[in-house]
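Structure first, then comments.
The chains referred to below are lettered A, B, ... by the order of the sequence lines, with proteins before strands, and numbering in each begins at 1.
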Amino acid sequence: MPDYNFYDNVYDVVRLIPAGRVTSYGAIASYLGSKQSSRIVGYAMMACSNANPPVPAHRVVNRQGMLTGKFHFRGDTMEQLLQNEGIQVIDNQVQNFRELFWDPAIELDL
DNA sequence: TACTTGACAAAAG
DNA sequence: CCTTTTGCCAAGT
């Protein structure tokens, strides 16, 4: 059971993201220990649809606050989900991203 | 085992 | 602000 996979680690962090907040792939990767693994985080998100329980991938965006993976969603779009949590999204971009940013390395750790 | 792909990030023009 | 290039790591073929 203690099979520590990179994916599970990512899912765990993403699930800890509070509603109304967003984070970046790099922040998660950095929290896991390797900021350069940011791509792997996105890769894990691609398979998040197969994860149980499902992770709030809509709260994970790139460093620009842009909804890069909105096309990978099925049914509801990221903007819909984010706006439902009170996040303003315009042109596939999170407004006030700087304020809504949630860094696990700062919020969780320490 | 080697090559390709990818929901990224940072730097350069 | 935008596009292009480079690096980086894991998974799939």
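Rounded to a whole Å, the CD atom of A:Gln36 is 17 Å from the P atom of C:dT6. Rounded to whole Å, atom C1' of C:dG12 lies 15 Å from atom CG of A:Asn50. Here C:dA10 presents its P atom at 12 Å from CG of A:Asn5, a figure rounded to the nearest Å. C:dA11 atom P lies 12 Å from atom CG of A:Asn9, rounded to whole Å. A:Asn92 has its CG atom 12 Å from the P atom of C:dC2, to the nearest Å. Rounded to an integer number of Å, the gap from A:Tyr11 OH to C:dA10 C1' is 12 Å. Here C:dA11 presents its P atom at 11 Å from CE of A:Met46, a figure rounded to the nearest Å. Straight-line distance from the OH atom of A:Tyr43 to the P atom of C:dC8: 19 Å, rounded to whole Å.
Among the heavy atoms of the strands lying under 4.0 Å from A:Tyr7 are primed sugar atoms or P, OP1, OP2 only; no base atom is included. At a threshold of 4.0 angstrom between heavy atoms, the contacts of A:Ala57 include nucleobase atoms, whether or not backbone atoms are also involved.
In this structure the side chain of A:Lys70 reaches within 4.5 angstrom of the side chain of A:Asn92, judged on heavy atoms.
The footprint of chain A on DNA chain B, defined by a heavy-atom cutoff below 4.0 Å, extends from B:dT5 to B:dA10.
In the model, A:His58 has a side-chain atom that pairs as donor or acceptor with a side-chain atom of A:Glu85 under 3.5 Å.
At a cut-off of 3.5 angstrom, the base of C:dC8 holds at least one donor-acceptor pair with the side chain of A:Arg39.
Ranked by how close their nearest DNA chain B nucleotide is to the 5' end, A:Arg63 and A:Lys70 are led by A:Lys70. Comparing A:Lys35 and A:Ser49 against DNA chain B, the residue whose closest nucleotide sits nearer the 5' end is A:Ser49.
The minimum heavy-atom distance linking A:Val13 with A:Trp102 is given by the pair O-CZ3, 4.2 Å.
Counting only distance, with no hydrogens or angles, the side chain of A:Arg15 and the backbone of A:Val10 share no donor-acceptor pair below 3.5 Å. A donor-acceptor pair under 3.5 Å links the side-chain atoms of A:Arg59 to the main chain of A:Ile17, judged by distance alone. Here the side chain of A:Gln88 pairs no donor or acceptor atom with the backbone of A:Gly86 at under 3.5 angstrom.
Within 6.0 Å of atom CD in A:Gln64, 12 or fewer heavy atoms from other residues, nucleotides or ligands are found, so the atom counts as exposed in its surroundings.
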